[in-house]
Structures are given as C-alpha cells and as structure tokens.
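A short worksheet on the structure shown next.
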Number of protein chains: 2
Amino acid sequence: MAATETKDRLHGTLDALVLKTLSWGPRHGYAIARWLEDTTRNAIQVEEGSLYPALYRMERKGWIEAEWGMSELGRKAKFYKLTQRGRQQLKAESAEWAEFARAVSTVLAPSS
Amino acid sequence: MAATETKDRLHGTLDALVLKTLSWGPRHGYAIARWLEDTTRNAIQVEEGSLYPALYRMERKGWIEAEWGMSELGRKAKFYKLTQRGRQQLKAESAEWAEFARAVSTVLAPSS
DNA sequence: AGGCGATACCTTGACAGTCTAAGTATTGAG
DNA sequence: CTCAATACTTAGACTGTCAAGGTATCGCCT
C-alpha cells in the first residue's frame with residue numbers, strides 16, 4: 001500500500017533517478033530501490049520489473065557498470081557504478097527534467 | 001526544431017495539462033496544442049498523434065465533452081469543455097503531480 | 001525441524017501512452 | 001495556382017512501466 005499512486009508517471013524519469021542515486025557511490029539494485037523509496041517517503045515506488053530492465057538498458061548504453069560483490073548483509077549482489085558518460089547523461093537529464101517540471105508547474109499552477 | 005527535447009516525459013502528464021487548459025474555457029484541439037506550446041515557450045511540445053487520442057480517451061471517461069463549432073478563423077472545429085468529473089480529475093492529477101515533482105526534485109536536487 | 005519474511009536477482013507478458021507519419025479538407029496569402 | 005497554416009483523423013511502431021511469477025539464501029521464531 002503505497003502512500004500515493006505514482007502510476008506511470010515515472011516514465012522517462014526513472015533513469016535520471018537511478019543515475020542520481022548512483023552518483024553517491026556504487027549500489028546494488030535492491031538498495032537503489034530502497035533508497036529511492038526511503039528518501040521520497042514512498043512517493044516514488046520502484047518496481048523490480050522496471051528497475052532491473054532499466055539497469056540493463058543503462059549498462060548497455062555505457063552509463064553504468066556492473067560488478068558482482070557482497071551486500072552489507074553478506075549476500076551476493078550486483079553493484080552498479082556510474083561511468084563518465086553516465087555522469088554526463090545525469091547532468092543532461094537533470095537539466096531537461098528541471099525545464100520540463102518548470103513548464104508543467106507553470107501550466108498547472110494554482111488557478112487565478 | 002523544438003527549444004529542448006521533451007521526449008516521452010509527457011507520459012502521464014498530458015491529461016492534466018489538457019484538462020488545465022480547458023479549465024479556462026472551451027477550446028478546440030488545435031488551440032489546446034498551440035496554447036500549451038505558447039505558454040511554455042515550446043518546453044512542452046504536443047504532437048497531434050498524442051493529443052487527439054488523449055482527447056477521445058478523456059471524452060470516453062467523461063472528463064470532457066465535445067461539440068462542433070466554428071473556430072476564430074471561421075473553420076469547423078471540435079470544441080471541448082470540462083465536465084464536473086473532469087474538474088475533479090484535474091484537481092486529483094494536479095495534486096499527484098505536485099507530490100511526484102517534489103519527490104523527484106528532492107532526489108535530483110543539486111548535489112551536496 | 002519447519003516455516004516465514006526479508007534480502008537479492010531475473011524474466012515474461014500485458015498494456016498504455018507517446019511518437020512518426022500519413023491522410024483529408026478548407027482558407028487566405030502570394 | 002500553389003503553398004502554408006489551420007484543423008481533424010488514424011495507423012502502426014515503439015518504449016518503458018507494471019503485475020506477477022520464479023530462483024536462492026539467510027536469520028529468526030516457534
């Protein structure tokens with residue numbers, strides 16, 4: 001039971017969110033999802049069926065790199081870390097999102 | 001040549017944007033697209049292949065109602081107007097978007 | 001022993017919504 | 001007489017999200 005419905009709105013934003021999460025240092029998939037949910041108090045819900053494919057996608061594009069390791073709890077986990085190109089991508093997407101959000105806010109702004 | 005790429009980010013936000021546009025009074029499709037582009041200085045680009053299906057969708061859902069009329073330039077045009085349910089929907093979606101945008105901004109916020 | 005919840009990853013298939021691109025028709029300007 | 005702008009329609013491709021299932025391990029509780 002999520003705090004509020006996020007629905008499909010994540011569309012096109014997930015990549016930037018994950019990239020940003022990884023900008024704080026390497027993390028494994030499960031931890032990325034938990035971190036995003038925690039820091040947004042469940043406003044952003046990341047489904048595994050969305051997250052893992054997104055991770056593979058971004059790895060193929062060279063934005064992130066994977067390496068198997070051990071989680072904090074001693075289990076095997078795949079750690080992802082940002083590449084240089086990923087950092088550029090993050091910067092670009094952040095800027096795009098800021099502009100888009102500003103535009104939408106302008107339109108949706110509390111009526112007269 | 002758009003000012004900036006909006007890509008697919010519109011996903012899940014178009015409805016609210018259109019609903020809001022109609023909250024100022026009835027408008028025909030073409031005018032909705034122009035208005036959104038104008039007021040966001042092209043930050044939001046609405047393709048016809050996205051807009052018209054969205055309009056039909058929302059009409060089916062009872063959020064808007066259509067009526068044929070004459071445009072300002074004397075051409076036949078289908079005017080859409082918000083229904084009561086559409087107004088509620090707009091309110092709900094606006095609130096959802098505000099929360100979502102806040103959450104994303106929190107994550108994407110300029111780094112430490 | 002046994003079960004169960006949390007951790008951690010993977011995959012399939014359905015689906016919705018956007019986009020590109022094509023088409024129709026009318027009007028006014030050049 | 002042609003062309004751009006206005007105005008709507010539709011087909012088809014694509015992409016990314018989601019739901020829902022699966023695997024496996026670990027620690028805790030009974």
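Just so we're on the same page: letters track the sequence lines, and every chain starts at 1.
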In chain order, what residues pass the side chain to side chain contact (heavy atoms under 4.5 Å, CB included) check against Ser94(A), with sequence neighbours excluded?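 For Ser94(A), the residues satisfying side chain to side chain contact (heavy atoms under 4.5 Å, CB included) (neighbours in sequence not counted) are Leu90(A), Leu108(B).
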Can you measure [X] atom [atom1] to [N] atom [atom2] for me and round it to whole angstrom units?
| X | N | atom1 | atom2 | result |
| --- | --- | --- | --- | --- |
| Leu51(B) | dC8(D) | CG | P | 8 Å |
| Ile32(B) | dT6(D) | CD1 | P | 16 Å |
| Glu47(B) | dC8(D) | CD | C1' | 15 Å |
| Lys61(A) | dT15(D) | NZ | C1' | 10 Å |
| His11(A) | dG16(D) | NE2 | C1' | 4 Å |
| Asp15(B) | dG17(C) | CG | C1' | 9 Å |
| Leu10(B) | dT17(D) | CG | P | 15 Å |
| Arg57(B) | dT9(D) | CZ | C1' | 15 Å |

For residues 46-79 of chain A, the ring-ring contact (aromatic ring centres under 6.0 Å, His included) pairs (sequence neighbours left out) are His28(A)-Phe79(A)
Phosphate OP1/OP2 of dC19(C): any Ser50(B) side-chain N/O under 4.0 Å: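 Looking at the OP1 and OP2 atoms of dC19(C), one of them is under 4.0 Å from a side-chain N or O of Ser50(B).
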Does dT17(D) have OP1 or OP2 under 4.0 Å away from a side-chain N or O of Arg9(B)?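 It does not, given that no N or O in the side chain of Arg9(B) lies less than 4.0 Å from OP1 or OP2 of dT17(D).
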Taken in chain and number order and not counting sequence neighbours, the residues that satisfy salt bridge (Lys or Arg N to Asp or Glu O under 4.0 Å) with Arg34(A) are Glu37(A)
Quick one: salt bridge (Lys or Arg N to Asp or Glu O under 4.0 Å) partners of Glu67(A), sequence neighbours excluded? none
Once salt bridge (Lys or Arg N to Asp or Glu O under 4.0 Å) is applied, what residue pairs with a partner in residues 71-91 of chain A remain, sequence neighbours excluded? Glu65(A)-Lys81(A)
In the 5'-to-3' direction, what one-character label does each nucleotide of nucleotides 3-9 of chain C receive under the scheme B = base within less than 4.0 Å of a protein heavy atom, S = sugar-phosphate only, - = no such atom? ---BBBB
Can you list the steps and then say if Gln89(B) with Glu93(B) is a side chain to side chain donor-acceptor pair (under 3.5 Å)? CA-CA 6 Å; Gln89(B) 186 63 22; Glu93(B) 291 202 24; 2.7 Å; yes
